[in-house]
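In what follows, a structure is listed as structure tokens, so that the remarks can point back to it.
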Amino acid sequence: MSKDLTIAMLHDFYGELLTEKQSRAIDLYYNEDLSLAEIAEPLGVSRQGVRDAIKRGEKQLLEYEEKLGLITRFLNVGEKLEDVLKSLKKMRQYERAYIHSAKFEKGLEELEKEITEIRNEI
């Protein structure tokens with residue numbers, strides 16, 4: 001069973017929808033990097049029980065993403081915000097080279113600040 005950042009991210013988005021045991025097993029396995037044996041003891045199950053809980057949880061997480069697509073949307077919004085910030089940077093360079101308007105520059109700075117705040121919230 002190879003560890004995958006995708007599952008950790010899926011768990012962040014959809015972990016509350018799993019059973020407590022599945023969620024805890026996935027969290028300990030992917031986020032805390034514990035072995036199946038290390039997880040089995042606090043959960044009070046066998047290593048095989050931990051493996052089964054992780055596999056069922058992974059399958060459910062992938063199904064949630066397939067149906068809801070929250071991570072896909074999240075990543076797309078982040079990429080679009082980065083594109084907007086790049087365009088804004090070009091506008092600022094153009095403004096400095098050709099327009100020389102303090103009011104326009106201030107407006108661009110405020111817009112960049114707002115976009116950066118949105119990007120940091122997601």
Side-chain angles (χ1 to χ4, degrees):
M1 189 177 337
S2 66
K3 296 191 179 184
D4 184 353
L5 180 61
T6 303
I7 298 297
M9 191 172 199
L10 287 166
H11 183 262
D12 288 343
F13 275 80
Y14 305 112
E16 294 292 321
L17 302 174
L18 299 175
T19 67
E20 186 176 333
K21 190 176 284 188
Q22 288 171 339
S23 180
R24 185 82 173 119
I26 287 174
D27 179 54
L28 292 172
Y29 187 73
Y30 286 99
N31 295 328
E32 302 298 325
D33 199 29
L34 298 181
S35 69
L36 298 179
E38 291 170 317
I39 298 167
E41 187 176 328
L43 292 184
V45 296
S46 67
R47 287 179 55 226
Q48 184 63 42
V50 171
R51 185 184 181 287
D52 291 345
I54 291 171
K55 285 297 184 186
R56 282 192 305 275
E58 289 171 345
K59 182 179 178 199
Q60 285 185 286
L61 292 171
L62 291 166
E63 288 174 1
Y64 291 140
E65 177 58 19
E66 185 179 316
K67 291 177 182 172
L68 301 172
L70 296 179
I71 292 176
T72 302
R73 289 184 208 155
F74 171 80
L75 294 174
N76 287 340
V77 167
E79 288 173 10
K80 288 177 183 177
L81 284 173
E82 290 301 319
D83 291 343
V84 170
L85 287 171
K86 286 177 188 173
S87 296
L88 186 60
K89 184 178 180 180
K90 289 178 185 175
M91 287 176 64
R92 291 181 81 185
Q93 290 171 343
Y94 181 84
E95 185 281 326
R96 288 182 187 130
Y98 301 106
I99 299 174
H100 308 293
S101 166
K103 189 174 184 178
F104 189 74
E105 174 69 18
K106 183 173 171 43
L108 291 175
E109 286 175 10
E110 289 173 5
L111 184 58
E112 181 177 17
K113 181 181 175 188
E114 289 177 27
I115 293 168
T116 301
E117 286 174 5
I118 293 168
R119 182 188 65 187
N120 291 338
E121 288 177 11
I122 62 168

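Heavy atoms only: backbone and side chains are in, while hydrogens, waters and symmetry mates are out.
- Residues that satisfy the side-chain contact (heavy atoms from CB on, under 4.5 Å) test with A102, not counting sequence neighbours, are absent from this structure.
- Applying the side chain to side chain donor-acceptor pair (under 3.5 Å) criterion to D52, with sequence neighbours excluded, gives Q48.
- Take E38 and apply the side chain to side chain donor-acceptor pair (under 3.5 Å) test, not counting sequence neighbours, and it matches S35.
- Screening residues 68-99 for ring pair (Phe, Tyr, Trp, His ring centres under 6.0 Å), with sequence neighbours left out, gives F13-F74, Y94-Y98.
- Distance CG/L88 to NZ/K90: 11.5 Å, rounded to 0.5 Å.
- Considering CG of L43 and CD of E41, their distance stands at 10.0 Å, rounded to 0.5 Å.
- Here the shortest heavy-atom pairing between V50 and A40 reads CG2-CA, 3.5 Å.
- Side-chain contact between Y29 and I39 is present, with at least one heavy-atom pair separated by less than 4.5 Å.
- Judged as a side-chain hydrogen bond (donor to acceptor under 3.5 Å, both in side chains), the pairs with a partner in residues 79-88 (not counting sequence neighbours) are, in order, E82-R119.
- Taking CZ from R96 and CG from L108, the interatomic distance works out to 9.0 Å, rounded to the nearest 0.5 Å.
- Partners of T72 by side chain to side chain donor-acceptor pair (under 3.5 Å), not counting sequence neighbours, listed by chain and number: E65.
- You'll find the side chain of Y30 reaches within 4.5 Å of the side chain of I54, heavy atoms only.
- Remark: E117 CD is packed, more than 12 non-hydrogen atoms of other residues, nucleotides or ligands lying under 6.0 Å away.
- Rounded to the nearest 0.5 angstrom, L61 CG and L18 CG are separated by 4.5 Å.
- The side-chain contact (heavy atoms from CB on, under 4.5 Å) test applied to I118 returns L81, not counting sequence neighbours.
- Side chain of Y64 to main chain of L10: no donor-acceptor pair is present (N/O by atom type, distance under 3.5 Å, no hydrogens or angles).
- For T6, the side chain to side chain donor-acceptor pair (under 3.5 Å) partners are D4, not counting sequence neighbours.
- With sequence neighbours excluded, the residues that form a salt bridge (charged side-chain N to carboxylate O under 4.0 Å, His left out) with K106 are E110.
- Within the structure, the side-chain hydrogen bond (donor to acceptor under 3.5 Å, both in side chains) test picks out the following pairs touching residues 15-25 (sequence neighbours left out): H11-S23, T19-Q22, Q22-Q60.
- With rounding to the nearest 0.5 Å, the separation of CG in N31 from CD1 in I7 is 11.5 Å.
- Residues satisfying the salt bridge (charged side-chain N to carboxylate O under 4.0 Å, His left out) test with R92, not counting sequence neighbours, are E105, E109, E112.
- Distance check, rounded to the nearest 0.5 Å: OG1 of T116 to CD of E121 gives 11.0 Å.
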